[in-house]
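We count ligands from 1, going down the list as the structure has it; atoms in each ligand are counted the same way. Since we're looking at a predicted model, the values are computed, not measured.
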Amino acid sequence: MLRFDGVVKRYAQPEGEVTVLAGVDLAIAPGEAVALLGESGSGKSTLLHLAAGLDAPDAGRIEVGGQTLSMLDERALAALRRGTVSLVFQQFHLIGTLTVADNIRFQAALCDRLDPAFEAELVERLGLGAQLDKYPHQLSGGQQQRVAIARALLHRPPLVLADEPTGNLDERSSGAVMALFRELVQAAGSALLMVTHSHGMADYLDRRLWLHDGRLQHAPG
Ligand SMILES: Nc1ncnc2c1ncn2[C@@H]1O[C@H](COP(=O)(O)OP(=O)(O)OP(=O)(O)O)[C@@H](O)[C@H]1O
């Protein structure tokens, strides 16, 4: 579902060019859930942005759902971001002028994959039934996060990329949300690559990778 072959990414910094990814190889199978760990500044967000096609590598090849990203034009990349890849960030990026119900349906509507039965399941499992007519600013942070999760999964994207999705929640709620997130990603049939600083959060996933010195290693359990 996601493949990196020898991916290199460099950035210009005041002290000169910095190689953040120095030949990253990665393969995530359909439906597999993988944690991406690494110290602050090791390049985890950079890797996620490249996987989402939001930025391009300086060398190497990235394949998402069998498509090589460098071969896609802007239109094809936009279609990939609408229907194939879903992003869940620490900042929820909900749309303030839309109700919770419309926020949940937003991405599925864009790619014409509304699914009332799965929507009802997501709303129920995420405990959002009483919030549907409200607007994001009327919700708690945890509730907003659950809306973002429902929106990211309703269209059953083949690949979900998540950056510390429970980073804004306290430890007890983040464990509960993480367990639920993992189950719902599975219900959607999606593969998951999730950046986290926490080995506890990584425990919910199938395996873990460690980004260090620009390369990926299998992290110790
Ligand atoms: N657009 C950019 N221009 C220049 N340097 C950048 C840019 N984006 C990231 N970097 C640098 O690349 C390195 C990796 O950043 P990145 O955000 O990917 O790390 P991270 O592992 O996600 O960190 P954290 O865990 O703190 O979020 C850092 O040294 C950062 O300063």
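In this view, Asp58 satisfies the salt bridge (Lys or Arg N to Asp or Glu O under 4.0 Å) rule with no residue, not counting sequence neighbours.
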Ignoring hydrogens and angles, write down the donor-acceptor pairs under 3.5 Å from the side chains of residues 59-69, residues two or more places apart or on other chains.
residue	atom	partner	partner atom	Å
Arg61	NH1	Asp5	OD2	3.3
Arg61	NH1	Glu63	OE1	3.4
Arg61	NH2	Glu63	OE1	2.5
Arg61	NH2	Thr68	OG1	3.3

Throw together a table of side-chain donor-acceptor distances under 3.5 angstrom for residues 177-184, partners on residues two or more places apart or in other chains.
residue	atom	partner	partner atom	Å
Arg182	NE	Tyr204	O	3.3
Arg182	NH2	Asp206	OD1	3.1
Arg182	NH2	Asp206	OD2	3.4
Glu183	OE1	Arg125	NH2	2.3

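Of all heavy-atom pairs spanning Glu32 and Ile28, the tightest one is OE1-CA, 3.5 Å. Annotation for Ser190 and Val160: closest pair CB-CG2, 3.7 Å, computed over non-hydrogen atoms.
Listed by chain and residue number, the protein contacts of ligand 1 are Tyr11, Ala12, Gln13, Val20, Glu39, Ser40, Gly41, Ser42, Gly43, Lys44, Ser45, Thr46, His197 (heavy atom within 4.0 angstrom).
Checked for salt-bridge contact, Asp163 and Lys44 miss the test: no charged N lies under 4.0 Å from a carboxylate O.
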